[in-house]
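Working notes, beginning with the structure itself.
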2 protein chains.
Amino acid sequence: MGEGSSRIELRADARHNRELILRAAREAFAARGLDVPMAAIARRAGLGVATLYRRFPTRESLVMEVFADQFAECFSVLDDALTDPDPWRGFRTAVEKVCAMQVADRGFTAAFLTAFPGAIDYERRRVEAERALAELTRRAKEAGRLRPDFEHADLVLMLLANNAVVAEAGEAAPVASQRLVAYFLHSFRAEGAASLPPAPPLSLHHVHRIP
Amino acid sequence: MGEGSSRIELRADARHNRELILRAAREAFAARGLDVPMAAIARRAGLGVATLYRRFPTRESLVMEVFADQFAECFSVLDDALTDPDPWRGFRTAVEKVCAMQVADRGFTAAFLTAFPGAIDYERRRVEAERALAELTRRAKEAGRLRPDFEHADLVLMLLANNAVVAEAGEAAPVASQRLVAYFLHSFRAEGAASLPPAPPLSLHHVHRIP
DNA sequence: ACCTAAGCGGACGACGCCCTCCACTTATCC
DNA sequence: GGATAAGTGGAGGGCGTCGTCCGCTTAGGT
């Protein structure tokens, strides 16, 4: 560590091809989910498979890179939510925006839900995300708008549910997702809350499956 | 057509092996979902692959046969629900039971949600199921317990959601599913219902995907 | 007991995906 | 413009699944 070199020195054409790969992968993931063949991505980029593998030795490394900015967007959503003076509105819009991101990009969820064992940076971010979410829910509960027995794992339930609905609904995905999220938000409200069965021991970390 | 023979005349050993296959398939589907290799099912049954393929030329035919009784159970659940004097309790218990069936058997949902183009009998049953569900929701709405803007497609949303949660939660599946269903039922109640975005154009028929 | 057709199993070719290896091309520095 | 190391593409070996083919086994009738 600390050589300073790392990877800054890529030849110009290589750097260009790297961008082609990322764009192709982004498109492919968005359209067909995370399990598109590596060869299909390479073909879409107009490059050979070897080039793809040299730049991104594992599928995970490619996924991580592709979704880096989506992750960033996700964090900015959380930050926005935290600075909203109305805690419930913050909570609600954060949920809505993240679910809309799932609709916009089929692969995003899988990346979001997937903890790559080796990806240190991702791990750090995940912890940050969980902290932000915890704070968000704490404040919404304190304001008396989020039901007191709401738990962290409930968001995981919702993300899984939304992911499945988006995956299966095809054309109808945007409408279906909005309806689903409205239902969830309605049942997350403190108002009229009845007792619930216990929450499952799920976390963003716990749930991981890379296709 | 019209020989009357059809398949009644199977040799005794063949009939026995057929049962072995069905049992093995049931176990395999329950444990790992619908996409287990055919060879794995054959091995579990202690038979050769050819035997499996001769008896069930397509994966679908096997799935249909395996889940025939689960379908029957499903219909009896709907019938019970329809005879319940309390429409809301009928609706609620039907939902809870079907979702519990999804937990008990990973493959069941996929079979439930999958419309095999050629399976006439299945198609007829699906239509029956949809009619029963329609009646169930109509009565629950009439009793003022189910929200008036509830739609058929919302059940599909829930089944998809539950399926995904069951698939991903592993050990925690039973707890996770119960929690999820409680949330859904809460938001399906007429009491405290706020306006919703429109329902997606989904039906049990519309959603079909065989792994 | 014996005949015969139904039943059986495993080997096999096809396919699709993964990932690597190596001979060829090309950017970059002098 | 030439040296050289970085970069490239496609062929190919490995793997796992599918579904079929064919020679052997065995149930069940006589």
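Below, read A as the first sequence line, B as the second, and so on, with proteins coming before strands; counting in each chain starts at 1. This is a predicted model, so every value here is computed, not measured.
At least one side-chain nitrogen or oxygen of A:R54 sits closer than 4.0 Å to the OP1 or OP2 atom of D:dT8.
Separating the CZ atom in A:R54 from the CG atom in A:N17 is a distance of 9.5 Å, to the nearest 0.5 Å. The OG1 atom of B:T51 lies 11.5 Å from the CZ atom of B:F56; values are rounded to the nearest 0.5 Å.
Rounding to whole angstrom units, CD of residue B:E9 and P of D:dG28 are separated by 13 Å. Counting to the nearest Å, the C1' atom of D:dT8 and the CZ atom of A:R18 are 16 Å from each other. For the pair A:L10 CG and D:dA5 C1', the interatomic distance rounds to 14 Å; values are reported in whole Å. Rounded to an integer number of Å, the gap from CZ of B:R59 to C1' of D:dC18 is 10 Å. Atom CZ in A:R55 sits about 11 Å away from atom P in D:dA6, given to the nearest Å. Between the P atom of D:dT8 and the CG atom of A:N17 lies a distance of 5 Å, rounded to the nearest Å.
Side-chain contact between A:V181 and A:N162 is present, with heavy atoms from C-beta onward closer than 4.5 Å. A heavy-atom distance below 4.5 Å is found between the side chains of B:L155 and B:V95. Two residues are said to be in side-chain contact when any heavy atoms from C-beta on lie closer than 4.5 Å; B:V103 and B:Q178 fail this criterion.
Map B:A50 and B:R11 each onto its nearest nucleotide of DNA chain C; the residue landing nearer the 5' end is B:R11. Residues B:A12 and B:P37 each lie close to DNA chain D; by heavy-atom proximity, the contact nearer the 5' end of the strand is made by B:P37. Nearest-nucleotide mapping onto DNA chain C: of A:D13 and A:A39, the residue sitting toward the 5' end is A:A39.
Between the side chain of B:S177 and the main chain of B:P174, no donor-acceptor pair closer than 3.5 Å is present. Judged by distance alone, with hydrogens and angles left aside, the side-chain atoms of B:R55 form no donor-acceptor pair with the main-chain N or O of B:A14 at under 3.5 Å.
Within residues 25-33 of chain B, no residue is approached by DNA chain C to less than 4.0 Å at the level of any non-hydrogen atom.
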Donor-acceptor list for residues 19-28 of chain A side chains, cut-off 3.5 Å, not counting sequence neighbours:
{"residue": "A:R26", "atom": "NH1", "partner": "A:V66", "partner atom": "O", "Å": "3.3"}
{"residue": "A:E27", "atom": "OE1", "partner": "A:R44", "partner atom": "NH1", "Å": "2.9"}

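Listed by first then second residue, pairs satisfying salt bridge (charged side-chain N to carboxylate O under 4.0 Å, His left out) with a partner in residues 172-187 of chain A read A:R179-B:D154, not counting sequence neighbours.
First and last contacts of DNA chain C with chain A, using any nucleotide atom under 4.0 Å from a protein heavy atom and ordered 5' to 3', fall at C:dC17 to C:dT28.
Ion pairing of A:R138 with A:E135 is present here, as a side-chain N (NZ or NE/NH1/NH2) and a carboxylate O approach within less than 4.0 Å.
With the end axes of the helix from C:dA1-D:dT30 to C:dC30-D:dG1 each set by five pairs, the angle from one to the other reads 10° at 10° resolution.
Residues satisfying the ring-ring contact (aromatic ring centres under 6.0 Å, His included) criterion with B:F150, sequence neighbours excluded, are B:F91, B:F188.
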